[in-house]
Structure formats: structure tokens, C-alpha cells
Engineer: 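I have a structure I would like to understand better, so I am pasting it below and will then ask my questions one at a time.
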2 protein chains.
Amino acid sequence: MHKDDAEQSGDLTLRRSRGRPRAFDRTAALDAATTLFWTNGYEATSISDLTEAMGIGAKSLYAAFGSKDALFTEALHHYVRKYGGLAWDRAREAPTAREAASAFLYDSAAALSGSVCDMPRGCMATIASLGCEGLAAVGEFAASIETTFQRLEARLKKGVDDGDLPPSVDVAQLARFVETVQSGMSVKARNGADRAELEGVAKVAMAGWDGIVRAANAEG
Amino acid sequence: MHKDDAEQSGDLTLRRSRGRPRAFDRTAALDAATTLFWTNGYEATSISDLTEAMGIGAKSLYAAFGSKDALFTEALHHYVRKYGGLAWDRAREAPTAREAASAFLYDSAAALSGSVCDMPRGCMATIASLGCEGLAAVGEFAASIETTFQRLEARLKKGVDDGDLPPSVDVAQLARFVETVQSGMSVKARNGADRAELEGVAKVAMAGWDGIVRAANAEG
DNA sequence: AGATTTATACAGCGTTCGATGCACAAAGAT
DNA sequence: ATCTTTGTGCATCGAACGCTGTATAAATCT
């Protein structure tokens, strides 16, 4: 689809193309664009803002990324690749579904409040899904990645298989709940909530966990 | 501040001003603008979109509302006045804090999914707080109304006073949790979640309630 | 070395943005 | 009846938008 499918990385490793070489680091430029989109949203970020932050001219931007839409799509994927681990690394290694959910929510609290490293607040994907509904890029993006809900649902299913979660639990509903709490954290982080506040939310959510599982047991 | 402080309503009740009377219903126009901002967000809504939906000319819009920012602020207040009851009416009359929280979450699920009446999905205020960070109107608005958090916190405090909630409960933290769940619902609603899904989230949240309260009791 | 290919810098394209100036219409005030 | 005040319709304003045409610079290919 793209004419520059060949170049996987900004580095000048092997596979030099013919003409004049690019004078800027493509990955670094994408990094800058991602941060800008993440901070200000799609509509509020202009090409001028982007070229300034990326340190390149408009013509180079279009040559390297195609269009504002395409750049935004690439920025979204770059975001997930680069920052997704902040919420998932510990959760993936947790032995039980409960510990996975707890790790996911606490680590999300830390990441979304910008406490882990220097980064904008809130989840870029969540913000994009709200602010840019008309944009085709967002729909394509959502369809192209494994969503938070799918990951959570899969992990909870594994919990049922492993026996640390009773089969009476509605894993889809529970996954939806955890995802909703994280989305809400994203909103609160964007509105200034600090790490302690978000961890308080995670704590309350997890304090209810056993009751939730028990309720499902009594029902089913 | 505004030159048209005198006119409280669009109706031609008493208090006619001097010049030519307005040819359109101000409240109906504000209604149309609110729906449009709610649906598309601030940035994605142009003056042309507004004038078309409101059925008036640009000059009349500026004469009646001042500017796009001022119109948006007024639309936000109009939204809270008109739709706030959907989430709060039943909760306000609930006898206990628990029933109030449950009513708030279930009624939010119904309203946010657009199931109560014909209206856009998600909470306009939540969406505005995310999409329009640079906008002065949003900050002023947030400072000028009693927020969801403040209402929830006050209701939970009353629950402690009434004795249906133990004093060991951190009401601020619990209020923050409920507010976060509602914000998350708003995001999910915006992304297509239907009423049943959102009610599932409310159900899971409330299934954990007693465990949350009990955990606070054991801790404090 | 010469030809080809690609990137860069600069200026500017057509469009849309939020907001206004102007002439006229319709009401109250005198 | 006339003056004053205000709303409306139309035509635009300057600025910013996303994007591109042109000329030049820097690399590879033959």
C-alpha cells in the first residue's frame, strides 16, 4: 500500500535507497509527532506544529508519512508499541487473573498520571477514540490491534481455565468493567488527577474483586 | 458582563427590548447548538455547521451568543440543566448511599447509551473535558458547577451521617471510584457500547460494593 | 563524469476557519 | 411621523488550514 514499505526503521543500517538520503531520523520525528498528537489531539495539532516539533519541512513530512491522517495512524501504532508495556508487562506475568487485573490497574494508574517517565497524561488511544470520531484512521486503528478488552477477556478466560477464577464468572462483563475503570482513569488523569488518586481508584476496584467473583458464583 | 443579561428566556414574555425583535427562538437555537457540539465536539463543529443547524445567520448567532467559545460555554450549562436529571433524579431520592450509587450508575448507563430519549451518546461534559483542553470555556465551566465528584462525595458523607455507611469508609476515594466508572462508561458509550453492556459494568461495580465497604472497615 | 533518483527549502496553492461591515427591515420611544 | 435601537441577509475579511510546485542539493547507478 505505502510506497515506502521497504524502510522499516529510520536507521541507515543496510538497504540504502538510491537518491539523496533522508537528513532526519524518521523514528525520532515520529516520536515527536506522537507526543504532540497525544498532548493536543488530532484536530488541535496543525502541520506547522508538527513540522516545528519534528524539526523538518512540510514537504519532507509528506514525503515520509503521506498525510496528516497517515501520520496520526502511524503515531497511534507507535504509541501502543512504545508505551503499551507500561500497563501490560507486569500483568502478563501475573500468576492469577486477580493479580493480573490488579497489576493492570495499578500500572495504568502510574502510567496514565505520567509518573513513570516524562509523558503526557491519559491514554492516547482513549483520547483519540473520543476526540476524532470522524477520522477514518481511528476506526482502522481500533480494528487493526488487539484491544484492551480482548486482552483482558483472554486473560480472565485463562484464569477460569487455570482454576483461579470460578467458571460462573462472566468474563466478558468483568473484562468490560476493568477496561471501563481504566478508561475512566484516563479521563481523570487528563483532568489533573495524580498518581495517588488513580491508585485509590485501582484500590477500590480491587477491594470489590472478591465480592464480584462471589456474586457471580451465587448467581450462576 | 454580557450585554444581553436582561433576556433570561427566548420567549417574548414581558421585558421587550427596544429594537427589532429576534426572529428565532433562542432556546431552540441553543438546543440545536448543544446537540451539535455534543455530537461532534468543539473543534469539529464549525460556525457554518452551527448556523445551518440553528437555522439562523452568522450575524444573528454572534449577536445572540457573542462568540463560538461563549456559545459552547452556554451549551455546556444548558446540557447540565437539561440532561443532568437523567443521572441524578433517582439517586437523589435513594434512601441509602448504596442505593444512590446504584441508581446513579444504572441511570447513567441508560442515559449515556442514548436509550432514554433521542440524544447523542456519552457525556458532553466528559467529552469536552478531554477534547478541548486548550479552551478557556471548559475550565471556567468546571469551576462554575457542582461537579459529579462533589455531588457523589456529599451523598456518601450523608450515608456516613445516616449510618448506612461505616465511618471507616474513605468517602472521597469511593466517590472518585464511582465517578471514574461513569467516565469510563461515557468513553465506552461513545465507542458504541449499548445499554446492556453499560448496565453490565454498573452491575459488576455494585457487586463489589459490599466488599469495598467491608475492606475499608477492616482497614480503618 | 553524466544520468537518475530522492530529499530539502521556500513560496504559495485553494479552501475553510471564526468573525464583521454594510444596507435594510422591524420594533419601541417620543 | 420620525428617531433610535436592534435583528437579519449578504458579502466578505484576514488568518490559518492541509497540501503541493519549483528549484536546488546530495546521494546511487551506469
Engineer: Counting side-chain heavy atoms from C-beta on, which of C:dA26, D:dT8, C:dA7 comes nearest to B:Pro21?
Structural biologist: C:dA26
Engineer: Taking CG from B:Asp25 and P from D:dT8, how many angstroms apart are they, rounded to a whole number?
Structural biologist: 12 Å
Engineer: Atom CG of A:Asp69 to atom C1' of D:dC19: distance rounded to whole Å?
Structural biologist: 13 Å
Engineer: To the nearest angstrom, how far is B:Leu61 atom CG from D:dC10 atom C1'?
Structural biologist: 16 Å
Engineer: Scan residues 45-54 of chain B against DNA chain C and write down, sorted by residue number, each residue with any heavy atom closer than 4.0 Å; if none is found, say none.
Structural biologist: B:Thr45, B:Ser46, B:Ile47, B:Ser48
Engineer: Take the protein atom CG of A:Asn40 and the nucleotide atom P of D:dA16, then report the distance between them rounded to whole Å.
Structural biologist: 17 Å
Engineer: Could you give the CZ-to-P distance, from B:Arg22 to C:dA27, as a whole number of Å?
Structural biologist: 14 Å
Engineer: Please check: side-chain N/O of B:Trp38 versus main-chain N/O of B:Gly122, any donor-acceptor pairing under 3.5 Å?
Structural biologist: yes
Engineer: Check salt bridge (charged side-chain N to carboxylate O under 4.0 Å, His left out) between B:Asp170 and all other residues, then give those that pass, not counting sequence neighbours.
Structural biologist: none
Engineer: So which nucleotide from D:dC19, D:dA26, D:dC10 ends up closest to the side chain of B:Lys59?
Structural biologist: D:dC10
Engineer: Looking across every strand, which nucleic acid part, if any, lies under 4.0 Å from B:Lys68 by heavy atom: base, sugar-phosphate, or nothing?
Structural biologist: sugar-phosphate
Engineer: Please confirm whether the backbone N or O of B:Arg121 pairs with a side-chain atom of B:Arg190, one donor and one acceptor, at under 3.5 Å?
Structural biologist: yes
Engineer: Are a donor atom and an acceptor atom from the side chains of A:Asp31 and A:Thr34 found within less than 3.5 Å of each other?
Structural biologist: no
Engineer: Both B:Ser67 and A:Arg20 contact DNA chain C. Taking the nearest nucleotide for each, which residue is further toward the 5' end?
Structural biologist: A:Arg20
Engineer: May I have the distance from A:Glu43 (atom CD) to C:dC17 (atom P), rounded to whole angstrom?
Structural biologist: 11 Å
Engineer: Strictly below 4.0 Å: does B:Ser60 bring a side-chain N or O up to OP1 or OP2 of D:dG7?
Structural biologist: no
Engineer: Would you indicate whether A:Glu52, at its atom CD, is surrounded by more than 12 heavy atoms from other residues, nucleotides or ligands within a distance under 6.0 Å?
Structural biologist: no
Engineer: Without swapping roles, check the side chain of A:Lys68 against the backbone of A:Tyr42 for a donor-acceptor pair under 3.5 Å.
Structural biologist: yes
Engineer: Can you identify which nucleotide, out of D:dT5, D:dG18, D:dT8, has its nearest atom closest to the B:Arg18 side chain?
Structural biologist: D:dT5
Engineer: Mind calculating the distance between CZ (A:Phe72) and P (D:dG18) to the nearest angstrom?
Structural biologist: 13 Å
Engineer: Please output the side-chain donor-acceptor pairs of residues 102-110 of chain B that fall under 3.5 Å, not counting sequence neighbours, one pair per line with the distance.
Structural biologist:
unit_1	atom_1	unit_2	atom_2	d
B:Asp107	OD1	B:Arg90	NH1	2.9
B:Ser108	OG	B:Phe104	O	2.7
B:Ser108	OG	B:Gln182	NE2	3.0

Engineer: On DNA chain D, check which nucleotide each of B:Gly57 and A:Gly66 is closest to and give me the residue with the more 5' one.
Structural biologist: B:Gly57
Engineer: Of the nucleotides C:dA7, C:dT20, D:dG7, which one has an atom closest to the side chain of B:Tyr62?
Structural biologist: C:dT20
